[in-house]
Amino acid sequence: MRLIRLNLKVIFSSIILYLFYAFVVLFFLFFFIMLDQTKIINYVIFLDNLAYLEIAIFILAFCLAVYFAQKGYILEEICFAPRTSCLLYRNFALLIASSCICAVPLIYIIISSIMEGTMLYFNCLAIIYFIFRWLSLLLVSETLGFLIGTLRKNTYVYLLAAPFSIIFSHLNEYFLFLFFKEDKLIAISNLLSLQEPLIHGVDIDYSGARVDLLFAMKCVFTLIFTLLIVVVTIIVAQKRFAFNTVIALCSCLIVLPVLGRLYVSIFPKVYSYEDKLYITDDRSAGYMILSYEGDIRLSEYSDFKCIVTVKKGIGDLTLRLDETLKIHELTLEGRKIKYIRSGDFIVIPENEIPNMNSFSVGLLYGGRVQYRSDVDSINIYTSWFSSALPPNFAFIPIVDGDLSEKDYNFSVKCANALISNLTVEAGDVYTVSGRSNTFCLFCGFLTQFEKEGIIFYRAKYNKATDYWVEYQSALTRYSFDPYTCEFENLSTKPRKVFMIYYLYGIFGYPVVFDDYIMLNYGYPS
Amino acid sequence: MLKVSNVTYSYKNDQPVLKNVSFTLRDGIAFLLGENGSGKTTLLKVITSILTSEGTLSINGIDSRSDEYKSLISYLPQEFDIYPELKIVDILRFVALLKKVDKSKVNLEVRKAAKRVNIEDILDKTFKKCSCGMKRRVGIATALIGNPQMVVMDEPTAGIDPKERIAFYKTIRECFEGKNVLISTHILDDIEILADNVVMLARGEVTYCGSYKEFRNSLNGRLFQIESKVGEPPVALSGCRVLSSEKQGTVVKYRVVGDAGIMPECAVPIDPATEDIWLYYQGGKDDVGQAG
């Protein structure tokens with residue numbers, strides 16, 4: 001504690017720290033002025049987009065750490081404080097002092113939340129997300145700067161801020177492509193980058209700050225990586241390999257690749273629109289789904305209990321259920337049966353199917369759905385606070401080619417507002433029911449309004465979009481038929497319009513389902 | 001009393017800087033003398049246990065491996081560039097805290113130390129605004145905190161003018177009366193002002209350890225000057241050591257150490273200067289038996 005107090009006193013007495021604060025504030029104000037605030041959807045998206053501010057902070061924090069690492073330890077030396085403690089406590093004190101810059105996003109969030117009238121829940125998520133993100137940035141840049149400053153006392157080491165800021169930002173993809181192939185490249189680039197994942201993607205406005213598993217995993221990875229640098233700093237200070245430090249070093253070196261692998265494994269996959277959303281081959285073989293009922297719990301890992309009533313067809317029954325959803329139990333008329341699971345498909349052999357006009361298939365399944373489009377936007381996903389399960393996406397078992405209307409009756413548990421093409425009744429749990437040939441569920445910071453008899457669903461916190469204008473503009477464009485994949489004029493007035501969706505492979509054209517439209521507002525026609 | 005026994009230290013795999021160093025120092029002000037690179041700073045760092053060496057060290061019987069040992073020592077390094085932005089009062093407070101002075105007594109201890117070195121008026125000044133002499137006083141104040149039994153100073157007067165140096169030593173004499181003080185220097189004038197004892201280090205070995213009086217008198221009656229002309233055959237000297245030679249025109253003057261009985265007739269007894277004693281204990285020129 002005494003060494004921390006001393007180092008805090010030293011650091012807070014230094015003009016260099018205040019210059020660091022001043023630069024961060026100035027850079028923030030610069031971006032605030034430069035970015036057209038009228039086009040900023042909400043404050044979360046503004047903070048998410050400060051990629052170059054984050055790079056500037058990384059460079060400044062790195063240089064700050066080098067400066068303080070190169071300062072002598074005379075006072076500590078004359079008091080015979082151990083060298084290792086001197087280094088560690090100074091590094092720690094520096095982190096405490098520099099973390100005051102987190103007040104910048106914090107103050108911005110507080111002011112913006114009042115001005116934008118966002119709810120507490122939304123604000124808390126934003127605070128957690130951005131404070132952790134800025135802290136991660138400081139942790140890595142400062143421990144690294146401190147190590148480098150301890151190793152080398154000359155002024156040239158300040159220049160290392162540039163290559164390190166490239167490694168730990170989205171700019172790393174410009175050299176990582178030399179080592180990795182496309183899909184791994186994106187995941188590893190995002191793992192090393194201390195910025196938002198998939199930085200070039202379009203932000204989804206109803207999810208709020210992305211406090212999800214990917215983010216949590218990145219935080220843990222950053223922490224262990226920082227620990228690794230600290231251990232190396234200890235070894236440098238001790239000038240020898242002590243048993244405990246070697247154990248710590250080895251532990252970090254083992255844990256880091258494991259975490260890295262986990263991160264890559266949960267990283268959103270790219271999907272093919274034809275496979276997941278639109279045209280599919282007819283695999284119905286006369287089978288038709290008559291109704292669904294069950295319970296759904298939406299979260300990062302969602303759970304589903306679903307009873308499907310199927311009208312008998314000929315031969316094997318092929319159901320589609322997205323491959324990311326793992327089946328825990330499958331029953332037919334209440335008895336467990338043998339089935340084949342291959343990718344998205346569940347094949348129930350004909351011999352297991354009873355000789356009845358219709359029969360019920362019960363499924364218990366769950367998993368984490370995370371898909372991104374080719375523009376790096378995560379637009380099929382589930383997180384703790386928001387989910388996007390679009391129509392025709394097989395989050396419930398479907399029969400390819402079966403376009404008939406079905407009855408739906410689900411209880412849905414989720415942590416945020418829920419909307420669907422079906423009727424949603426709010427309560428302790430949502431009841432979603434109705435009759436349609438498709439089913440979609442969206443959860444998040446969502447709201448709705450009605451105009452000219454049409455219900456519009458929209459992000460709750462979007463101050464940049466005039467939804468009515470966007471809708472009017474969409475009417476002038478061709479619409480897209482998800483079954484025929486043809487473009488045509490919008491012939492009938494929809495009952496519902498979902499204006500919550502960004503790009504998913506139809507270049508901004510409205511997608512028309514039976515009585516509702518998915519509208520990719522904001523994308524040029 | 002500081003007791004150093006068989007201390008050997010080497011950096012990495014190099015030749016040892018200290019070779020089997022042993023000596024005992026009684027209370028009083030002692031000077032550690034030696035040429036640059038003789039191992040003075042290394043020895044001081046070993047004594048303060050900043051460096052760990054082979055051999056044993058103890059202060060008043062307390063072994064250097066015990067936790068108590070460090071609380072008995074104060075150390076003033078050669079470069080006292082302490083945090084320039086800190087106020088002197090804060091520096092002293094932190095020194096007290098890091099020396100584990102009881103929290104309730106920190107302020108008292110700081111004031112006491114400041115009073116003894118006469119810096120009470122400048123406690124609220126930042127360190128960078130102090131003059132060189134003031135900075136030295138702050139250094140002494142830091143050494144005073146914690147009531148150490150032994151004070152170790154590494155070339156504390158390097159780079160300060162004679163007036164400040166005299167004032168500095170006066171302060172040391174006043175502040176550390178009855179304590180064991182070890183000061184390393186290569187400024188010979190310093191020794192005459194202050195030394196009670198002297199430790200001479202040459203090439204990592206102790207060549208003298210004892211009182212300054214004995215050190216000062218160690219060449220009395222044994223130092224002679226022999227003159228010879230340039231180009232003349234040398235005077236054969238057996239059992240003598242030539243400390244230095246000086247060419248003046250056509251004459252070379254040699255300063256030679258040896259017993260009076262073995263000196264040639266031309267040898268003139270002279271009073272030894274501190275430099276002669278220094279050269280004598282540093283090994284002087286190689287042991288030679290001729291001059292000229």
Side-chain angles (χ1 to χ4, degrees), chain A residues 1-22 64-94 96-98 146 149-151 153 235-243, chain B residues 11-12 41 44-45 47-52 64 67-103 106 126-128 135 138-146 148 150-154 156:
Chain A
M1 268 321 276
R2 288 165 180 178
L3 276 172
I4 289 187
R5 274 178 59 192
L6 165 69
N7 281 298
L8 282 174
K9 187 90 187 174
V10 170
I11 292 163
F12 276 110
S13 308
S14 172
I15 185 95
I16 301 292
L17 179 76
Y18 297 100
L19 282 174
F20 169 70
Y21 290 160
L64 186 74
V66 170
Y67 173 79
F68 281 104
Q70 290 183 343
K71 247 180 179 313
Y73 295 87
I74 305 284
L75 196 147
E76 290 92 329
E77 248 175 42
I78 64 173
C79 301
F80 310 115
R83 177 105 172 125
T84 314
S85 310
C86 296
L87 286 175
L88 290 183
Y89 284 117
R90 185 173 293 176
N91 197 348
F92 187 53
L94 186 61
I96 294 173
S98 55
F146 208 85
T150 305
L151 282 170
K153 299 286 182 201
I235 291 168
V236 168
Q238 291 177 336
K239 293 180 181 163
R240 67 194 170 93
F241 287 95
F243 181 73
Chain B
Y11 290 101
K12 290 181 183 167
T41 301
L44 293 187
K45 285 190 172 174
I47 290 170
T48 53
S49 7
I50 292 172
L51 298 176
T52 314
S64 61
D67 291 339
E68 201 188 341
Y69 180 87
K70 280 183 179 170
S71 67
L72 300 175
I73 302 188
S74 274
Y75 173 55
L76 201 59
Q78 190 173 349
E79 283 175 20
F80 193 66
D81 287 335
I82 223 150
Y83 303 116
E85 297 91 355
L86 288 194
K87 285 180 184 172
I88 292 164
V89 66
D90 290 326
I91 290 172
L92 297 179
R93 255 186 219 144
F94 279 114
V95 169
L97 283 169
L98 292 177
K99 284 190 173 179
K100 291 175 184 160
V101 170
D102 194 82
K103 269 188 184 171
V106 165
T126 53
F127 190 71
K128 65 181 171 193
K135 284 178 181 174
V138 174
I140 300 172
T142 62
L144 276 167
I145 288 170
M150 165 126 210
V151 180
V152 174
M153 299 182 187
D154 191 4

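To find a chain, count down the sequence lines: A is the first, B the second, and so on, and within it residues start at 1.
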- Side chain, backbone, both or neither: which part of A/I15 has an atom under 4.5 Å from a heavy atom of chain B?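 Neither part.
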
- Looking only at A/R90, A/R83, A/E77, most heavy-atom pairs under 4.5 Å shared with chain B are made by A/R90

- Task: Heavy atoms only, distances under 4.5 angstrom: which of A/S14, A/C79, A/A81 has the most pairs with chain B? Name it, please.
- Result: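 Among A/S14, A/C79, A/A81, the one with the most close pairs to chain B is A/C79.
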
- Query: How close do A/F80 and B/Y75 get, heavy atom to heavy atom, and via which atoms?
  - Reply: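 Answer, listing the atom of A/F80 first, then B/Y75: CZ-CB, 3.7 Å.
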
Residues, nucleotides or ligands: over 12 heavy atoms within 6.0 Å of [X] [atom1]:
X	atom1	value
A/Y89	OH	no
A/F92	CZ	no
B/D67	CG	no
B/K99	NZ	yes

Nearest 0.5 Å please: distance from the [atom1] atom of [X] over to the [atom2] atom of [Y].
X	Y	atom1	atom2	answer
A/L75	B/I82	CG	CD1	4.0 Å
A/R2	B/K103	CZ	NZ	6.0 Å
B/I73	A/I78	CD1	CD1	13.5 Å
B/E85	A/K71	CD	NZ	4.0 Å

Would you mind checking which part of [X] comes under 4.5 Å of any heavy atom in chain A, side chain (CB onward), backbone (N, CA, C, O), both or neither?
X	result
B/L97	both
B/K100	both
B/I145	neither
B/T126	neither

- Task: Begin from the C-alpha positions of B/L86 and A/L6 and carry the test side chain to side chain contact (heavy atoms under 4.5 Å, CB included) through to its verdict.
- Result: CA-CA 10 Å; B/L86 288 194; A/L6 165 69; 4.2 Å; yes

- Item | A/V10 side chain reached by B/F94 side chain, heavy atoms, under 4.5 Å |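 A side-chain contact under 4.5 Å is absent here.
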
